[in-house]
Amino acid sequence: MLAEVIHVKQKTIRGLETAWLEHRPSNPKGIIVFLHGFPDHAEHWSEQLNYFKDHPYILIAPYSRGVGPSESSKSLNRYGSQSQSLDMKAMIAEIDETKKLPIWFVGHDLGVVYAWHCTRLFQKNTKGLIVMNGLNLRQMRVRLKNPVQLSKSWYMFVMQIPKVPELIATKFSDKVLRLAHYLGNTPGEVATVDADAHAGLAGIPQYRAFLREMVGQFRHRLPRVKCPVLVLWGKDDNVLLPPSLNEIEKDAVKPVVRMLEAGHWVHREKAADVNRLIHQFIKDNEAKT
C-alpha cells in the first residue's frame, strides 16, 4: 500500500492524458524516476516509493502508455522508447522547472528500455541508472541470437500476431498475469499483487514497437552512457538469462552488477535489499560530477 504523501498526478502530454505517481519533499536534491515493466503498473514500485519518501528526492513513477490512467494511443509509435521518453521529458519539465535537479532513472523489465533511453536523452542531468531484470534493445537484439534466450522469449513473437494477443489479454487477464509470474519464477506472496487489466493490453503495442526499433538499430550504434550504472538481477529469473559485464560494458563505461537470490520481480521479492543497494549507489555517486 502506498503512503498518503504519494499522489496520482495527471496532465495532457503531447496530446494524450498521462499519469504518474509523485512525492515532492521540501528542498529536494534530486529526482528518482521509477519505470515499470510488463504486466505491471506504477503501484508495483510501492516498496521503493514508501522507502524513499523519507529522503530528499522527488519521486516519480509514471504509468506507462495505455496503463491505468495513462491514455492509450492508436499510433504504435507512441509506445516506442523514443516517444515515451519524450513524454517523460515533458513530465519532468513540469515537475522541475529549473531543469537543474539531478535525475536517477530506475527501470525494471520493459521499463529498462525507457530507462536506458532517458539516460541518453537527459545526458548531463542524469546522475545514475539502475536497471533490474531487463535489457535495452541492443542487448535484447544480441541476446536473441542465443538459442536459449530465444526459447525463453517466445512470448515476444506471439505479441506480433494481429488481434489474437489483445483477445487473450482481454478475456484471460488473470491467467496472463499468473503465467507471467510463473515464467518469472515469482513466489506466490509477490504474485498476489493486483495487476491492472490494461497493463496486459498495453504491453502488446510496446513489444511490437520494440521489435521494430530493434530492426532499425542495425543501422545505428548508440554511444555508451558515461554516468554510473548499477545492474540488480534476480538470478532465478526464468525469462532472461543472467547478464555479463561484457554485455553491459558495450553500453556503459563502468557498470556494476549485483546478483540477488530472487526471480524476475527482484524489486518486490527482495525489496529491502534492493532499496538499500539503490540508496547506497545514489549516495556514493550523487556528489560526483
Side-chain angles (χ1 to χ4, degrees), residues 14 16 18 33-42 44 62-67 70-89 105-121 129 131-146 149-166 168-169 176 179-180 183-184 196 198-222 225 231 233 237 239-241 243 247-248 250-252 264-265:
R14 302 173 61 234
L16 292 174
T18 305
V33 183
F34 296 93
L35 303 168
H36 71 79
F38 167 81
D40 292 353
H41 50 77
H44 284 161
Y63 291 86
S64 190
R65 178 60 54 214
V67 176
S70 283
E71 187 180 354
S72 60
S73 174
K74 294 180 180 179
S75 171
L76 191 61
N77 290 335
R78 289 304 297 266
Y79 293 87
S81 62
Q82 174 71 13
S83 186
Q84 291 218 52
S85 296
L86 289 174
D87 289 348
M88 287 174 222
K89 187 174 183 178
F105 289 103
V106 183
H108 170 256
D109 188 69
L110 292 188
V112 170
V113 176
Y114 304 123
W116 276 101
H117 201 97
C118 285
T119 296
R120 291 186 168 100
L121 183 65
L129 168 65
V131 299
M132 290 175 256
N133 288 73
L135 305 164
N136 63 35
L137 296 181
R138 185 207 63 80
Q139 292 165 354
M140 193 64 202
R141 190 184 73 238
V142 174
R143 284 281 192 103
L144 291 177
K145 297 177 183 178
N146 182 326
Q149 182 61 70
L150 183 63
S151 68
K152 292 176 180 288
S153 302
W154 57 268
Y155 56 92
M156 289 179 53
F157 301 99
V158 173
M159 299 287 192
Q160 310 306 314
I161 304 170
K163 298 183 180 180
V164 174
E166 285 87 347
I168 294 172
V176 170
L179 175 61
L183 293 173
D196 190 315
H198 293 291
L201 287 169
I204 298 167
Q206 283 180 302
Y207 279 109
R208 288 172 179 164
F210 290 165
L211 193 63
R212 286 157 178 76
E213 284 187 58
M214 279 192 277
V215 173
Q217 281 187 2
F218 278 110
R219 300 187 296 271
H220 304 285
R221 178 66 183 269
L222 297 173
V225 301
V231 179
W233 203 275
D237 189 339
V239 179
L240 294 169
L241 295 171
E247 174 184 44
I248 301 162
K250 288 181 171 61
D251 296 291
H264 184 72
W265 277 267

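Atom CE of Met159 sits about 11.5 Å away from atom OG of Ser153, to the nearest 0.5 Å. To the nearest 0.5 angstrom, Met140 atom CE is 4.5 Å from Gln149 atom CD. From Asn136, atom CG reaches atom NE2 of His117 across 11.0 Å, with rounding to the nearest 0.5 Å. Taking CG of Leu144 as the reference point, atom CD of Gln139 lies at 12.0 Å (rounded to 0.5 Å). The CD1 atom of Ile161 sits 13.5 Å away from atom NZ of Lys163, with the distance rounded to the nearest 0.5 Å.
Listed by first then second residue, pairs satisfying salt bridge (charged side-chain N to carboxylate O under 4.0 Å, His left out) with a partner in residues 149-158 number zero, not counting sequence neighbours.
Contact annotation: the side chain of Ser72 approaches that of Tyr79 to within less than 4.5 Å [non-hydrogen atoms, C-beta and beyond]. Within the 4.5 Å cutoff, the side chain of Leu211 has heavy atoms near those of the Met214 side chain. Side chains of Leu137 and Val113 form a contact here, defined as non-hydrogen atoms less than 4.5 Å apart. The shortest distance between side-chain heavy atoms of Glu247 and Val142 does not fall below 4.5 Å. Using a 4.5 Å heavy-atom threshold, the side chains of Leu35 and Met88 count as touching. Within the 4.5 Å cutoff, the side chain of Arg120 has heavy atoms near those of the Asp251 side chain.
For Leu76, the side-chain contact (heavy atoms from CB on, under 4.5 Å) criterion is met by Pro205, Arg208, Ala209, Arg212, not counting sequence neighbours. Under the side-chain contact (heavy atoms from CB on, under 4.5 Å) criterion, Asn77 pairs with Ser75, not counting sequence neighbours. Applying the side-chain contact (heavy atoms from CB on, under 4.5 Å) test to Leu16 and every residue at least two apart in sequence or in another chain returns Arg65, Glu71, Ser73, Arg78. By the side-chain contact (heavy atoms from CB on, under 4.5 Å) test, His108 is found to be paired with Asp40, Trp45, Met132, Asn133, His264, Trp265, His267, residues two or more places apart in sequence or in another chain being considered. Looking at residues two or more places apart in sequence or on another chain, you find a ring-ring contact (aromatic ring centres under 6.0 Å, His included) between Phe210 and Tyr114.
Between Leu135 and Leu240 the shortest heavy-atom distance is CD1-CD2, 3.9 Å. The shortest heavy-atom contact between Ser85 and Leu121 is O-CD2, 3.6 Å. Here the shortest heavy-atom pairing between Pro243 and Val231 reads CG-CG1, 4.2 Å. The two atoms that bring Gly80 and Glu213 nearest to each other are CA-OE2, 3.1 Å, heavy atoms only. Scanning all heavy atoms of the two residues, the minimum distance from Trp116 to Ala252 falls at CH2-CB, 4.0 Å.
Between the Asp237 side chain and the Val239 main chain, a donor and an acceptor come within less than 3.5 Å of each other. With hydrogens and angles disregarded, a donor-acceptor distance shorter than 3.5 Å links the side chain of His36 to the backbone of Ser64.
A donor-acceptor contact closer than 3.5 angstrom links the side chains of Ser83 and Arg14.
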